[in-house]
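To start, the structure itself, in structure tokens.
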Amino acid sequence: MIQLENTKYRVGISELGAEIQSIYSLEENFDYIWNDNGLGFWKRHAPILFPAIGRSYNNAYLLNNDIYEMPQHGFGRDQRFMVTNQSHKKVVFELENNEKTEELYPFDFKLIVAYELKAAAIRVTFTVLNLGDKPLPFALGAHPGFNVPFNNEGNYSDYRISFDPVQEKLKKFGIAPIPFRNGEVIPLNENQDNTIPLSHHLFDKGLIILANQGIKNVILSSSKTTHLIKITLRDFPYVALWSLEKEKAPFLCIEPFAGLPDIYGNEHDIFQKEGNTILGVNGEKTLSYQIALN
């Protein structure tokens with residue numbers, strides 16, 4: 001376990017998946033990041049989604065008319081990353097293609113993940129490099145889960161999600177069957193004056209992937225606490241909201257997406273899939289987001 005620390009926060013990050021395990025408030029002794037602690041809801045914390053987002057139809061995709069297996073959310077979250085640079089406030093992880101990845105994804109790549117602890121924020125920067133002699137297709141996302149309520153202050157339904165800049169009308173990608181898209185974009189009727197009140201029933205029909213362009217910040221807050229989380233999307237065009245369907249799980253995931261789940265019905269060509277990035281030979285792509293804390 002790698003730890004970053006300043007006077008306010010201690011951040012734990014695992015080399016397995018380069019995944020945040022904890023963002024702990026040293027002043028008030030509580031953790032912002034979800035930890036299942038044997039409850040049986042969701043055993044992950046903040047996985048990295050690479051080179052796929054969501055579940056691929058039949059857990060597979062097409063490449064040159066051949067079918068390749070692809071696990072849900074890709075394989076990055078289950079790979080052991082190498083630490084290449086580390087200090088008290090910053091750590092850099094790297095993953096390169098290997099025999100296991102090449103069975104699923106026959107491309108030469110390097111994925112670099114950097115975490116930097118600021119005074120009251122964690123900046124996460126991803127860099128994808130194409131090391132091969134052919135174009136490199138990929139999706140990339142982050143899946144951080146946050147405890148709700150914060151520090152046991154209030155109830156789940158006391159919390160709300162809001163957006164900057166103001167979104168008068170929110171749209172979402174249709175989800176059916178869960179967790180696939182159905183190809184539609186529909187209104188998000190739960191939006192009330194740029195605010196989505198949080199409830200467990202909000203996710204009964206699956207995750208919510210917002211289709212609005214131009215959202216810069218997503219804020220999770222409550223009148224019952226002075227604490228809040230603000231996700232600054234920076235380079236990510238989409239954001240998803242998720243908690244377990246038809247359960248009363250006390251967490252919320254706010255997920256920056258550069259890519260989208262499959263539309264149900266057919267395996268998709270990885271070069272044609274909506275939302276994927278295509279890197280040319282020797283290409284490089286950097287995307288970042290930030291988790292600000294109060």
Side-chain angles (χ1 to χ4, degrees), residues 13-21 33-34 42-57 59-61 68-81 93-97 100-101 104-105 107 109-115 122-130 136-146 172-173 175 178-181 203 206-211 215 218 231-244 251-263 268 270 273-279 285-291:
I13 308 166
S14 174
E15 292 163 277
L16 181 62
E19 180 180 355
I20 294 175
Q21 306 289 297
I33 292 292
W34 167 253
W42 185 57
K43 294 182 179 180
R44 298 187 188 264
H45 312 279
I48 292 169
L49 317 181
F50 177 85
I53 287 175
R55 183 172 294 163
S56 300
Y57 184 75
N59 294 313
Y61 69 93
Y68 287 81
E69 180 183 350
M70 180 59 69
Q72 185 172 16
H73 292 318
F75 52 72
R77 62 185 184 168
D78 297 315
Q79 291 285 310
R80 188 162 294 277
F81 284 64
F93 297 90
E94 291 187 5
L95 173 68
E96 287 196 34
N97 56 288
K100 289 185 177 180
T101 70
L104 303 170
Y105 182 67
F107 297 95
F109 70 89
K110 179 185 288 186
L111 172 60
I112 303 171
V113 185
Y115 294 97
I122 300 97
R123 183 169 182 177
V124 186
T125 303
F126 304 97
T127 303
V128 182
L129 293 87
N130 184 356
L136 178 78
F138 69 90
L140 177 65
H143 199 312
F146 301 102
K172 65 178 181 177
F173 291 95
I175 301 295
I178 299 171
F180 299 98
R181 290 186 297 135
F203 303 102
L207 79 165
I208 296 169
I209 309 173
L210 297 177
I215 295 174
V218 181
I231 304 293
T232 300
L233 298 176
R234 294 185 183 272
D235 305 305
F236 287 86
Y238 306 108
V239 62
L241 309 171
W242 176 76
S243 192
L244 277 178
F251 71 86
L252 174 70
C253 293
I254 304 174
E255 309 173 38
F257 278 4
L260 292 166
D262 273 4
I263 293 175
H268 292 260
I270 194 170
K273 184 175 175 180
E274 183 180 0
N276 276 6
T277 296
I278 312 297
L279 274 186
K285 179 75 171 180
T286 296
L287 303 101
S288 69
Y289 79 99
Q290 181 171 278
I291 304 171

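- Between the Asn97 side chain and the Phe109 main chain, a donor and an acceptor come within less than 3.5 Å of each other.
- Contacts of His73 classified as side-chain hydrogen bond (donor to acceptor under 3.5 Å, both in side chains), with partners at least two apart in sequence or in another chain: none.
- Listed by chain and residue number, nothing satisfies the side-chain hydrogen bond (donor to acceptor under 3.5 Å, both in side chains) test with Lys285 (two or more places apart in sequence, or in another chain).
- Counting heavy atoms from C-beta outward, Tyr105 and Leu136 have side chains that approach closer than 4.5 Å.
- Remark: Phe203 pairs with no residue by the ring pair (Phe, Tyr, Trp, His ring centres under 6.0 Å) rule, at least two apart or across chains.
- Between the side chain of Trp42 and the backbone N or O of Trp34 there is no donor-acceptor pair closer than 3.5 Å.
- Tyr57 places no side-chain N or O within donor-acceptor distance of the main-chain N or O of Phe180, the cut-off being under 3.5 Å.
- For the side-chain contact (heavy atoms from CB on, under 4.5 Å) test, residues two or more places apart in sequence or in another chain that qualify with Leu244 are Phe41, Trp242, Glu247, Ala249, Phe251.
- Between Phe50 and Phe126, a ring centre-to-centre spacing not shorter than 6.0 Å is recorded.
- Residues satisfying the side-chain hydrogen bond (donor to acceptor under 3.5 Å, both in side chains) criterion with Glu96, sequence neighbours excluded, are absent altogether.
- Ionic pairing of Glu19 and Arg77 is not present here: no N-O contact between side-chain nitrogen and carboxylate oxygen is shorter than 4.0 angstrom.
- Residues forming a side-chain hydrogen bond (donor to acceptor under 3.5 Å, both in side chains) with Glu69 (at least two apart in sequence, or on another chain): none.
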